[in-house]
Amino acid sequence: MADILQIQRPATGAAADLAITEATIRATELRQFDIDGEPLATYDPGFMNTAVCHSSITYIDGEAGVLEYRGYPIDELAEHSTYLEVAYLLLNGELPNPTQLAEWESLITTHRMIPDKLKTVLAGFPYDAHPMTILMASTAAFFSFYPDARNFTDPEARALNIARLIAKMPTLAAFAYRKGKAKPYINPDDNYGYCHNFLAMLFKQAERRYSADPRLIRAMEVLFILHADHEQNCSTNAVRSVASSGNDLYTCASAGIGALHGPLHGGANEAVLKMLREIGTVDRVPEFIEGVKSGRTRMMGFGHRVYKNYDPRAKIIKRSVEDVFEVTGVNPLLEVAKELEKYGLEDEYFVKRRLYPNVDFYSGLIYEALGFPPEMFTVLFAVPRTSGWCAQYQEFITDPDNKIARPKQIYTGHRTRGYVPMEERG
Ligand code: ACO
């Protein structure tokens, strides 16, 4: 028997059987109910309970704290893979074999340089510009250099621009960082892998060759893997939404960067560090917790729209913290973070609301230990998330169900009224 939802409106006697498929009903079927001349709709600010697409990229079970890319558990990928392998997986649905991986790595290496003229765009930003604004504007500017990105329905052109964007993002991020430090740009080094090269472009000084500690390179790979995709989050939704009006990849990624910048999304790790600094010492944690409970402030890095359990990424990052601190020395704010977490996991306020540490709670501590200023933290999220945005963009473009994003509203303003001339306005 077909699974249906029976809906009745006793006031009018109207009734309908709505088909249930994939644990959803089709929202447009509600329109058959006429409510005083308006078709029935749902009201769902923030898409709390609305599926906007089919996707086979990332699976999350927020209740159980499960995250999988293309079916592979995140902890196995973090343990065994490199970021570029994971990017390939997100884009192609399968892990690469050795030949495919070598070709993919070589393609990315080929496209790492950014156009020379883009450096003049970078030069135009104030010296203290937030690197996320530089990243956002420069990513959008890529479209002027690669106008073939408008041929996004052509699989070859699309694949080329995806490779370009994933390859160039670390270069752009490193240049934005060095601009803020008034240091000369360091061009990509073809002899280094994705993460090692990124570290070199960021931190190379006068030495002939920069060589990063392998534990730091691995920590970077792990952080990048954990941040690569997270299904229909705010920035991915921005990417898909901007793609829906027929935009190129660069414009869409730029919109994603803008969405990610907000402190309730990718900007949270920057906010976590600020919060830890303000608290300062372990003995001040109880006072801070009281402030959270009375609604004066939020505990940044805690809570998640989807996870009502420990964010699996936070567990893995917590392990990486120890590895990084072995190389860099311990950040004293770690003790403050651990104390906050202890309260968060035991105090009734957090337990009742099912608020757990999210991916941003510990990542800021690692970034700071690596020598990044807080304004770079979200940039370090945007670089790896680019592969997720690309995979989601590609999935959207090739989805026969795709439509221009255009939500409804409930209008609460005036209806038609007479124009008031200037002299009659109070
Ligand atoms: N600290 C204190 N209270 C919180 C927190 C928090 N971090 N997060 C949620 N709450 C409380 C809310 O006040 C609300 O309480 P109430 O029911 O008494 O009004 C309840 O928990 C539900 O919170 P909502 O804001 O409705 O949950 P929503 O799903 O809309 O928000 C969000 C999720 C934005 C992540 C929220 O938990 C938050 O602001 N967290 C801090 C910012 C943060 O860490 N963001 C990073 C998210 S991960 C990422 O984007 C990569």
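We count ligands from 1, going down the list as the structure has it; atoms in each ligand are counted the same way.
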Could you go through residues 242-250 and list every donor-acceptor pair under 3.5 Å that involves a side-chain atom there, pairing it with any protein atom two or more places apart or in another chain?
residue	atom	partner	partner atom	Å
S244	OG	S241	O	2.6
S244	OG	A405	N	2.8
S245	OG	V242	O	3.2
S245	OG	N247	ND2	3.1
N247	ND2	V242	O	3.2
D248	OD1	T251	OG1	2.5
D248	OD2	Y250	N	2.9
D248	OD2	T251	N	2.9
D248	OD2	T251	OG1	3.3
Y250	OH	N161	OD1	2.7

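Ring centroids of F372 and F377 are separated by 6.0 Å or more, keeping the two rings apart. For H230 and Y307, the ring centers are positioned less than 6.0 Å apart.
Residue-environment remark: CD (Q32) exceeds the threshold of 12 foreign heavy atoms within 6.0 Å.
With hydrogens and angles left out, the side-chain atoms of E231 and S55 include no donor and acceptor closer than 3.5 Å. In this structure, a donor-acceptor pair under 3.5 Å is present between the side chains of R26 and T21.
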When you pair each N or O of ligand 1 with protein N or O atoms, which pairs come out under 3.5 Å?
residue	atom	partner	partner atom	Å
ligand 1	1 (N)	M299	N	3.0
ligand 1	3 (N)	Y349	OH	2.9
ligand 1	7 (N)	M299	O	2.7
ligand 1	7 (N)	F302	O	2.9
ligand 1	13 (O)	R298	NH2	3.2
ligand 1	15 (O)	R353	NE	3.1
ligand 1	18 (O)	R353	NE	3.1
ligand 1	18 (O)	R353	NH2	2.9
ligand 1	25 (O)	R298	NH1	3.3
ligand 1	25 (O)	R298	NH2	3.1
ligand 1	29 (O)	R305	NE	2.8
ligand 1	30 (O)	R305	NH2	3.0
ligand 1	39 (O)	R298	NH1	2.6
ligand 1	40 (N)	F302	O	3.0
ligand 1	44 (O)	G301	N	2.8
ligand 1	44 (O)	N358	ND2	2.9
ligand 1	45 (N)	L264	O	3.2
ligand 1	50 (O)	H265	ND1	2.9

